[in-house]
Trainee: 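Okay, here's the structure, questions in a sec.
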Amino acid sequence: MNLAPLAVAALLAAPGLIDAYRAAGAGAPDAARGRAFWTQSFAAPDGGVARACTSCHGPDPLGPGRHVKTGEVLAAMAPAVEPTRFTDPAEVEKWFKRNCKWTVGRECTPQEKADVVLFLTEVKR
Amino acid sequence: MAKMRIWDVPTRTFHGLLGAAVAGAWLTAGDARWLHLHVLAGTLAAALTLFRVLWGFIGGPHARFRAFLRGPRDVRAHIHDLLAGTAHRPAGHDPLAGWAMVAAMALVLLLAVTGVWVLGGEEGQGPLGGVLSVGQGIALHGPHGALSLALLCWLGLHLAGVVLASLRHGEALPLAMVTGRKRAVPGAPSSPAHRGVALLLVGAIAGGALWSARGVLAGERPYAGRALPDDPEWRSACGECHLAYPPHLLPARSWTALMDGQADHFGEDLGLEAEPAARVERFLTSHAAEREVNEAAWYVAHTTPPAETPLRVTALPWWRERHPVPDDDAGRCGDCHADAEAGTFVDGAMTRKERSSR
């Protein structure tokens, strides 16, 4: 399968997303802040194991993750290895909404989303 | 002492191949990974038996039913003679053995008929595929197994009878079933060999077996399970955090409850819009267990207490009975079932058998 068009789409889509977050009030995105947010642990409301984005997506954005509750294997988050990432804005919003609610206990701010997207798209092999 | 041919070649060929076919069917029973071989062996046994019935009318002098089927009075007299030790030595089957042959043929044919029935009902394949419901197929699974036990008991009696008769006649009767020859019985006709018929029989059987196994030889998985309904919207809504659990594994009321509770789905807010959620719910409920698309669905529909609305496949009594696995492992269906994504869950696709723990 020829993945080149998808890779191009990813490169185009991520900036498009970031533009949208900026339009929604985010300042300049910062990859280091994105990394910190991605790996930060949040206390679980049920008193269980603390939660982080990496609980399911794994510590390495270039490698696969494993859903902490179901065991389902999740594809890598970095568009460098998974070109379909950040190509479908509706999909991205759906998962930000779900995952932020579960992990952080609230929806993520446009700033947090912009930082995370920049961090993940910049990770190179 | 002069010997004469009693058993013609087709009768001996029938006997040897039937023994092999029955052994094959017995060894491949009960494990769907071998179902194609089981069906092949059963078909072979039935075809051989039908041939033997025909041969009972047109075969050699000792192979014909006329030569060995006797009325009740003769059978009683024979038993009496046996007990008194005065029974004469027959050329072919004695009256008891004759009826035992008929019993075996009847058992094999009944096994074939019930087998085709179960195959048609449970797997939707064979001549009755699509005609019978899954429940109808399951209903004859027990009797099919009981018949096979009856045939095993018959085999025990058969072997005992052969040993006793061999001792009584001072002649190895099993050997006679191989060479065809027995000590001459005065006045009894010798049988022609009929080699041509035996050759035809073997040819027809080899050809039939090859023809019926052509799919397997070409690499098909013959009993991969019935194709199940699919829906891309359901797969994308329900297949990203875990396996998209196929609709036939829960009753419709469970799907309705799960979709009603989608805002608190095992601690997650699925956040589906009303329209797509309604479409997914329609797909799930209209293909739920009650439709009985396959055996698993039948069991889910018939063993889940009607007053309960389980929200987990892994909480179903039927599922728990078949899965003595720790809860931590239970959800990862794909670890053990290579066909979990397809939803068919056939034995043929098991990757890790945990039978030892059962």
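To find a chain, count down the sequence lines: A is the first, B the second, and so on, and within it residues start at 1.
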Trainee: May I ask you to list the residues in residues 269-292 of chain B that approach chain A closer than 4.5 angstrom, counting heavy atoms only, ordered by number?
Mentor: B:Asp269, B:Leu270, B:Leu272
Trainee: What residues of residues 242-257 of chain B sit under 4.5 Å from chain A when you count only heavy atoms?
Mentor: B:His242, B:Leu243
Trainee: Can you confirm if the aromatic rings of B:His323 and B:Trp319 lie within a centre distance of less than 6.0 Å?
Mentor: yes
Trainee: Between A:Ala50 and A:Ser55, what is the shortest heavy-atom contact and its length?
Mentor: O-OG, 4.3 Å
Trainee: In this structure, are over 12 heavy atoms from other groups packed under 6.0 Å from B:Trp34 atom CH2?
Mentor: no
Trainee: Verify whether the ring centers belonging to B:Trp318 and B:His302 lie closer than 6.0 Å.
Mentor: no
Trainee: Atom CZ of residue position A:Arg66 - does it have more than 12 heavy atoms of other residues, nucleotides or ligands inside 6.0 Å?
Mentor: yes
Trainee: If you count the non-hydrogen atoms of other residues, nucleotides and ligands that lie under 6.0 Å from CZ in A:Arg33, is the total more than 12?
Mentor: yes
Trainee: Let me see the working for A:Glu82 and A:Arg85 under salt bridge (Lys or Arg N to Asp or Glu O under 4.0 Å), right down to the final yes or no.
Mentor: CA-CA 6 Å; A:Glu82 197 57 40; A:Arg85 289 298 186 202; 5.9 Å; no
Trainee: With a 4.5 angstrom heavy-atom cut-off, could you sort out which part of A:Lys97 is near chain B: side chain, backbone, both or neither?
Mentor: neither
Trainee: Measure from NZ or CZ of A:Arg35 to the centre of the six-membered ring of A:Trp38, then state whether that distance is under 6.0 Å and the direction lies within 45° of the axis.
Mentor: no
Trainee: Closest heavy-atom contact between A:Ala76 and A:Pro61?
Mentor: CB-O, 3.4 Å
Trainee: List the steps, then state whether salt bridge (Lys or Arg N to Asp or Glu O under 4.0 Å) holds for B:Arg235 with B:Glu240.
Mentor: CA-CA 8 Å; B:Arg235 271 202 193 271; B:Glu240 280 170 313; over 6 Å; no
